[in-house]
Amino acid sequence: MELSSNLTGIFLALIAAATWGGGDFSGGLASRRSNLFQVLVITSVTGIVLLMGCALLSGEALPASNDVLWALAAGLSGAIGIAALYQALALGNAASVAPTSAVLCALLPVVFTMLTSGLPGTTQLIGFLLALPGIWLVAQSGNEINEATRRKSILLAWLAGTTFGGFFILIAQVQQGAVFFPLVISRFVTLGVALLLLFLNHSKLPSFRRNPIALLGGLLDTSGNIFYLLAHQFIRLDVVAVISSFYPATTVLLSRLVLKESTTRRQWVGVVLCLGAIVLITL
């Protein structure tokens, strides 16, 4: 029974990684038609609609007051992370920003779970040690680093990774069985931040019909959040966070297949390390 539960959780976490990676890829394409903050508004609204529909269809009960607070905190943490990540990427230093934020958002839940629930099994711990450099290598874009803005972008990457890791930890604190309504609350916080960023950047509200790829990005990103919480109902938070953080591999693969972008040897080494980590974590 325990093995079946672990495999189910790992499978759901892999789906979360795949959908998050697809959401990042779609969001990147959508940003070529609209600015980043307009895309964030579209993806946030799309996510809210999807989550509300799922909540109503599933008959999920309204969240308890504690869950509302956890969801608000998670939404604020995730929104800060998105704002920091977008600002860091805008500096043109994606080669350092993406891997730094990806590794941090995986590492913090691992440390948190070890402190609160103890160490995982030996093979899982070795899997974590393989996964972190794997995530780093996969997320590298191969772009040249702009030394003039390197320090600022790295600080923003640390902020993004830390707050994304905070989202992983905070949203996982909601009670067992609560999935859709807590995510709705966190999405409303993200939407509020997105609208504020639009106002501060003097941008117009986006057109949903003119950028359908952003709608797809919102659906995929929100689906990743759903599968992440579902996975946590079967396995430890550190395992869910590490496996879900393999999402850059999906983005790289889609870029290779759809946009015919080249991939580096480092990225393929990262993919191999991530696959090895999955095997060890499963064992």
Side-chain angles (χ1 to χ4, degrees), residues 10-11 13-32 81 84-86 88-110 123-158 160-162 164-165 217 220-221 224 238-283:
I10 289 171
F11 177 71
L14 286 172
I15 296 177
T19 50
W20 270 335
D24 283 354
F25 175 76
S26 301
L29 289 181
S31 298
R32 299 181 181 184
L85 181 64
Y86 281 0
L89 292 174
L91 296 174
N93 197 8
S96 296
V97 169
T100 300
S101 59
V103 169
L104 275 175
C105 78
L107 181 61
L108 288 182
V110 170
T123 55
Q124 287 186 325
L125 191 57
I126 296 173
F128 293 163
L129 295 177
L130 275 181
L132 295 178
I135 294 168
W136 172 276
L137 292 171
V138 168
Q140 294 216 357
S141 65
N143 296 332
E144 294 184 0
I145 297 176
N146 185 340
E147 289 295 333
T149 57
R150 184 179 63 85
R151 290 185 180 181
K152 182 178 180 180
S153 63
I154 289 299
L155 286 175
L156 288 168
W158 274 78
T162 302
F164 283 147
L220 290 173
D221 183 63
D238 50 0
V239 177
V240 181
V242 169
I243 295 179
S244 299
S245 295
F246 292 161
Y247 63 87
T250 307
T251 307
V252 170
L253 181 61
L254 288 172
S255 298
R256 172 83 175 181
L257 294 176
V258 178
L259 302 179
K260 309 301 181 183
E261 292 184 358
S262 61
T263 51
T264 65
R265 184 176 300 177
R266 287 185 177 184
Q267 288 176 315
W268 285 115
V269 171
V271 169
V272 172
L273 290 176
C274 288
L275 292 175
I278 292 172
V279 173
L280 289 171
I281 291 171
T282 303
L283 293 175

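Only a predicted model underlies this, so the values are computations on that prediction, with no experimental measurement involved.
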At their closest point, which heavy atom of Ala16 faces which heavy atom of Ser244, and how far apart are they?
CB-OG, 3.9 Å

Spacing of Leu104 atom CG and Trp158 atom CH2 [to the nearest 0.5 Å]:
5.0 Å

Roughly how far apart are Thr250 OG1 and Ile15 CD1, rounded to 0.5 Å?
11.5 Å

Testing Val242, Leu273, Val272 for side chain to side chain contact (heavy atoms under 4.5 Å, CB included) with Leu130, which one passes?
Leu273

For residues Ala106 and Ser245, report the shortest heavy-atom separation together with the two atoms involved.
CB-OG, 3.3 Å

Approximate separation, where rounding is to 0.5 Å, of Trp20 CH2 and Leu220 CG:
12.5 Å

Mind listing the closest non-hydrogen atom pair of Ala13 and Ile243 along with its distance?
CB-CG2, 3.7 Å

Within-4.5 Å side-chain heavy-atom neighbours: Thr19 and Tyr247:
no

